[in-house]
Amino acid sequence: MALLALGGCARICVPRPAHVRHRGAAFAFATLSPSRGHAAGDWVEATSTFFEQDTRPIMLFDGVCNLCNGGVRVVRENDRNRRIRFEPLQSEAGKKLLRRSGRAPDDISSVVLVERERSYIKSEAVLKIMEYIDVPFPQLAFFLQFVPLFIRDFAYDNVANNRYTIFGRSESCEI
């Protein structure tokens, strides 16, 4: 039911949860904290420090994909209140957050949005990210959520599987 409240009136009528505001740089990365000796399989607990002082969600993206880097730029430009942090999937923090999300640490096939209590992948991640940024994206996400998930993910997978061929790749992460 979370997707039913993505945008439109639900987004306008209900105030968003308060997120820690970021001061300083134009965007933020998730920062790695020293390991506290957690069990190898307990990735939610092992990555809980990512949300201790900053509760904003973290967008994981393929740092060498031109399409993904362009998507990060669009999100940054339309996120005036800096509600989202960013982390490349290839980074150590990205790998830990992938495991937290139930994905293999080397799986760079999808954008992932990691919130304190939940993670989103593929088209659900894109819609959830759109919910956090400025108009008209939350309203667009509201309408897109009515497209069945299997159709959205089919379209997402087709673009994701061909992203290097269509958009190219860079030697390193732009941010």
Side-chain angles (χ1 to χ4, degrees), residues 2 17 19-79 81-133 137 141 152-153 156-175:
H19 293 287
V20 174
R21 293 195 192 277
H22 178 69
R23 292 173 175 62
F27 52 90
F29 290 100
T31 55
L32 274 174
S33 298
S35 175
R36 294 185 178 174
H38 298 288
D42 190 2
W43 291 103
V44 172
E45 180 66 27
T47 57
S48 64
T49 58
F50 289 115
F51 297 97
E52 282 180 354
Q53 295 190 15
D54 191 343
T55 60
R56 294 174 299 157
I58 303 167
M59 177 181 166
L60 303 178
F61 65 99
D62 181 351
V64 297
C65 168
N66 289 337
L67 173 63
C68 304
N69 283 311
V72 168
R73 276 192 299 276
V74 167
V75 172
R76 281 193 348 226
E77 290 167 5
N78 292 283
D79 184 15
N81 294 322
R82 303 293 176 228
R83 292 186 173 106
I84 296 178
R85 295 180 282 169
F86 306 92
E87 189 66 42
L89 289 161
Q90 294 90 341
S91 69
E92 287 305 311
K95 291 176 183 180
K96 286 183 178 187
L97 289 165
L98 273 173
R99 286 213 163 159
R100 173 192 180 108
S101 303
R103 314 282 289 179
D106 60 347
D107 181 0
I108 60 168
S109 66
S110 174
V111 66
V112 179
L113 185 71
V114 184
E115 292 179 335
R116 178 184 290 246
E117 301 295 327
R118 178 166 182 202
S119 295
Y120 302 85
I121 62 166
K122 297 186 180 185
S123 67
E124 283 190 317
V126 172
L127 292 182
K128 191 67 175 174
I129 290 165
M130 291 170 72
E131 181 181 340
Y132 279 98
I133 59 180
F137 294 101
R152 290 191 324 241
D153 279 351
Y156 181 95
D157 287 337
N158 279 308
V159 172
N161 291 338
N162 296 295
R163 67 188 186 274
Y164 295 137
T165 304
I166 298 168
F167 299 99
R169 63 186 299 157
S170 57
E171 293 300 314
S172 63
C173 179
E174 289 183 26
I175 63 169

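Excluded from the calculations below are hydrogen atoms, water molecules and symmetry mates; all remaining heavy atoms, backbone and side chain alike, are included.
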[atom1] of [X] to [atom2] of [Y]: how many Å apart, nearest 0.5 Å?
{"X": "Leu113", "Y": "Met59", "atom1": "CG", "atom2": "CE", "result": "8.0 Å"}
{"X": "Lys128", "Y": "Ile133", "atom1": "NZ", "atom2": "CD1", "result": "13.0 Å"}
{"X": "Ile166", "Y": "Asn161", "atom1": "CD1", "atom2": "CG", "result": "10.0 Å"}
{"X": "Leu67", "Y": "Tyr164", "atom1": "CG", "atom2": "OH", "result": "10.5 Å"}
{"X": "Ser91", "Y": "Leu97", "atom1": "OG", "atom2": "CG", "result": "7.5 Å"}

Do the non-hydrogen side-chain atoms of [X] and [Y] ever get within less than 4.5 Å of each other?
{"X": "Ile121", "Y": "Val111", "result": "no"}
{"X": "Cys65", "Y": "Phe167", "result": "no"}
{"X": "Arg103", "Y": "Ser110", "result": "yes"}
{"X": "Glu87", "Y": "Val114", "result": "no"}
{"X": "Leu89", "Y": "Phe61", "result": "no"}
{"X": "Tyr120", "Y": "Val112", "result": "no"}
{"X": "Phe137", "Y": "Ile129", "result": "no"}
{"X": "Val126", "Y": "Lys122", "result": "no"}

With no hydrogens and no angle check, is any side-chain donor or acceptor of [X] less than 3.5 Å from a backbone partner on [Y]?
{"X": "Glu131", "Y": "Ala141", "value": "no"}
{"X": "Asp54", "Y": "Arg56", "value": "yes"}
{"X": "Asp79", "Y": "Val75", "value": "no"}
{"X": "Ser101", "Y": "Ser119", "value": "no"}
{"X": "Arg76", "Y": "Arg73", "value": "no"}

With no hydrogens and no angle check, just 3.5 Å: does a side-chain donor-acceptor pair link Thr55 and Arg116?
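The criterion, which ignores hydrogens and geometry beyond distance, is not satisfied for Arg116 and Thr55.
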Considering the options Leu60, Ile58, Val72, which one meets the side chain to side chain contact (heavy atoms under 4.5 Å, CB included) requirement together with Phe86?
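Only one option passes, and that is Val72.
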Arg85 to Phe51 six-membered ring, cation-pi geometry met (6.0 Å, 45°):
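Arg85 over Phe51 ring: yes.
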With sequence neighbours excluded, tell me which residues meet side-chain hydrogen bond (donor to acceptor under 3.5 Å, both in side chains) with Asp153.
Ser123
Please enumerate all residues that pass side-chain hydrogen bond (donor to acceptor under 3.5 Å, both in side chains) together with Lys95, with sequence neighbours excluded.
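By the side-chain hydrogen bond (donor to acceptor under 3.5 Å, both in side chains) rule, Lys95 matches no residue at all.
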Salt bridge flag under 4.0 Å for residues Asp62 and Arg169
no
So that I can tick it off, tell me whether Glu115 and Arg118 are bridged by a salt bridge, with the cut-off set at under 4.0 angstrom between side-chain N and carboxylate O.
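Result for this pair is no, no salt bridge flagged.
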